[in-house]
Amino acid sequence: MAAAHLLAASTSSSSTAAFRPPLRLRSPAHTPHLRLNRTGRRPFPVVRAAETDAKDAKPKAPEKAPAAGGSSFNQLLGIKGAKQETDIWKIRLQLTKPVTWPPLVWGVLCGAAASGNFHWTVEDVAKSIVCMIMSGPCLTGYTQTINDWYDRDIDAINEPYRPIPSGAISENEVITQIWVLLLAGLGLGALLDVWAGHDFPIVFYLAVGGSLLSYIYSAPPLKLKQNGWIGNFALGASYISLPWWAGQALFGTLTPDIVVLTTLYSIAGLGIAIVNDFKSIEGDRALGLQSLPVAFGMETAKWICVGAIDITQLSVAGYLLSTGKLYYALALLGLTIPQVVFQYFLKDPVKYDVKYQASAQPFFVLGLLVTALATSH
């Protein structure tokens, strides 16, 4: 779709080409570089204002490409400011966005702690590591890759330098990666059920459910992310509830109170997901996606974000207090205070989104562990 729009733009501009004087060659220092990708094809075409003769041309989105000396570390983590890479394995890793794995790994840890049956034995540690690999690199990697695949038109507007819209990786390579990661995650889920001696393959079915949720979140016709409320809640559930349930089911039994608490925490996940929506507001608006920043505007969406996170923590603290877990409730309240302080960075959520997540969210995830430990006693 993005390619069609660009082709249309180039066609319309060609009608005036006959009235222009011949173009003069510029010095090599200013010559735009056309780079072929590893398959020998040109990348997704991107029109830049500097490459047109119209001095007053206004691009649809501000230039967001990383500097020529982008960070290799950012590239491996799959975050903005990444270095442009040609190594296919580094590109594959970038598509899985390793920076998004820790919440899933932490969720498994919280579930294991909440079960009350995890012991620091070689076998239990090995089981938890396999569960973390299933939840993080495999199924989160699958989720991020399939999301980038179905978001390639949006990324052509917001982040045209990302691997898929830039043409750094081919269509067949992306689809192969999606299937490999999905099947690996499901296979590990089945293995864990056998290893734990489950009569009912609960970990496998949680993996299937999470994979299905990831698909309908990104892919048409449902594409849950088109609706800011439903999409962000689904994202919160997949990042908090599902790995917690997998970790707890691996070592113990899921109980109704845990299901309620983790579902409540998924509301906080909704708030965290909004932080990621701020940087995509231009592409979402252009393609008609009703993310919360698009639907309500930046200012209102910021308050929805912090409200969802803070109110969830306070509600869980109140629940722990009501069940006689005074010290755990106080610990959770103490962790909420720095979260509120670091919301200062949301004054400009597009510019400071990474700083906010790096400073405030560690206290949120520590709160998850406090809750898990409280429910295990």
Side-chain angles (χ1 to χ4, degrees), residues 1 97 100 103-104 107 135 139-155 157-158 178 182 185 205-246 254 256 258-313 315-316 346 349-350 353 356-357 361 364 368:
M1 182 183 294
K97 295 183 183 175
T100 63
L104 284 292
S135 301
L139 294 182
T140 306
Y142 153 79
T143 298
Q144 295 295 342
T145 305
I146 200 171
N147 184 65
D148 269 23
W149 173 247
Y150 284 107
D151 273 3
R152 58 193 185 275
D153 292 337
I154 297 176
D155 286 343
I157 298 172
N158 292 323
I178 290 170
L182 173 62
Y205 280 115
L206 285 172
V208 170
S211 303
L212 178 61
L213 185 62
S214 297
Y215 178 79
I216 64 175
Y217 173 80
S218 299
L222 294 179
K223 198 160 189 171
L224 299 181
K225 68 184 300 179
Q226 292 182 103
N227 182 294
W229 294 108
I230 298 175
N232 284 356
F233 183 80
L235 193 63
S238 65
Y239 270 74
I240 296 175
S241 298
L242 288 172
W244 183 314
W245 295 350
L254 281 176
I258 287 296
V259 173
V260 171
L261 276 177
T262 51
T263 302
L264 184 61
Y265 263 121
S266 297
I267 298 174
L270 178 151
I272 294 171
I274 295 173
V275 179
N276 295 319
D277 288 337
F278 287 120
K279 68 178 184 296
S280 303
I281 189 169
E282 292 164 1
D284 290 347
R285 184 182 289 121
L287 295 179
L289 297 183
Q290 287 298 303
S291 67
L292 295 182
V294 171
F296 295 98
M298 284 279 210
E299 286 302 314
T300 302
K302 283 192 289 188
W303 286 107
I304 296 173
C305 170
V306 299
I309 297 172
D310 296 344
I311 292 173
T312 296
Q313 290 279 60
S315 299
V316 174
L346 286 179
V350 176
D353 61 330
Y356 170 71
Q357 293 183 62
Q361 289 186 17
F364 173 77
L368 287 173

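- Within the 4.5 Å cutoff, side-chain heavy atoms of T100 are placed close to those of Y239.
- When ring centroids are compared, Y265 and F364 come within the 6.0 Å threshold.
- Between atom CD1 of residue I304 and atom CG of residue L292 there is a gap of 5.5 Å, rounded to the nearest 0.5 Å.
- Residues W244 and I258 form a side-chain contact, since some pair of their non-hydrogen atoms from C-beta on lies under 4.5 Å apart.
- Without hydrogens or angle criteria, R285 side chain to E282 main chain gives no donor-acceptor distance under 3.5 Å.
- Of all the heavy atoms in A234 and L224, the pair that sits closest is CB-CD1, 4.0 Å.
- Using a 4.5 Å heavy-atom threshold, the side chains of L213 and Y217 count as separate.
- Annotation: the span from T312 atom OG1 to I267 atom CD1 amounts to 5.0 Å, rounded to 0.5 Å.
- Nearest heavy-atom pair, D284 versus S291, reported as atom, atom and distance to 0.1 Å: OD2-OG, 3.5 Å.
- Note: I146 CD1 to D151 CG = 11.0 Å, rounded to the nearest 0.5 Å.
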Would you please test K225 and N147 for side-chain hydrogen bond (donor to acceptor under 3.5 Å, both in side chains) and show each step? CA-CA 10 Å; K225 68 184 300 179; N147 184 65; 3.0 Å; yes
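- Here the closest heavy-atom approach between residue Q290 and residue A295 is recorded as OE1-CB, 3.6 Å.
- Counting all heavy atoms, side chain and backbone alike, S241 lies closest to T263 at OG-N, 3.8 Å.
- No donor-acceptor pair closer than 3.5 Å links the side chain of K97 to the backbone N or O of Q144.
- For the residue pair L139 and S211, the shortest heavy atom distance occurs at CD2-OG, 3.6 Å.
- Contact check for L242 versus W245: side-chain heavy atoms found under the 4.5 Å cut-off.
- Interatomic distance, S315 OG to L261 CG, rounded to the nearest 0.5 Å: 10.5 Å.
- The distance from atom CD1 of I178 to atom OH of Y150, rounded to the nearest 0.5 Å, is 7.0 Å.
- Scanning all heavy atoms of the two residues, the minimum distance from L104 to S135 falls at CG-O, 3.7 Å.
- Between Y215 and Y142 there is a side-chain heavy-atom pair separated by less than 4.5 Å.
- By the neighbour-count criterion of 12 heavy atoms within 6.0 Å, atom CD1 of I311 is sparsely surrounded, having that number or fewer from other residues, nucleotides or ligands.
- Contact check for S238 versus T143: no side-chain heavy atoms found under the 4.5 Å cut-off.
- Atoms OG and CD1, on S280 and I157 in that order, are 10.5 Å from each other to the nearest 0.5 Å.
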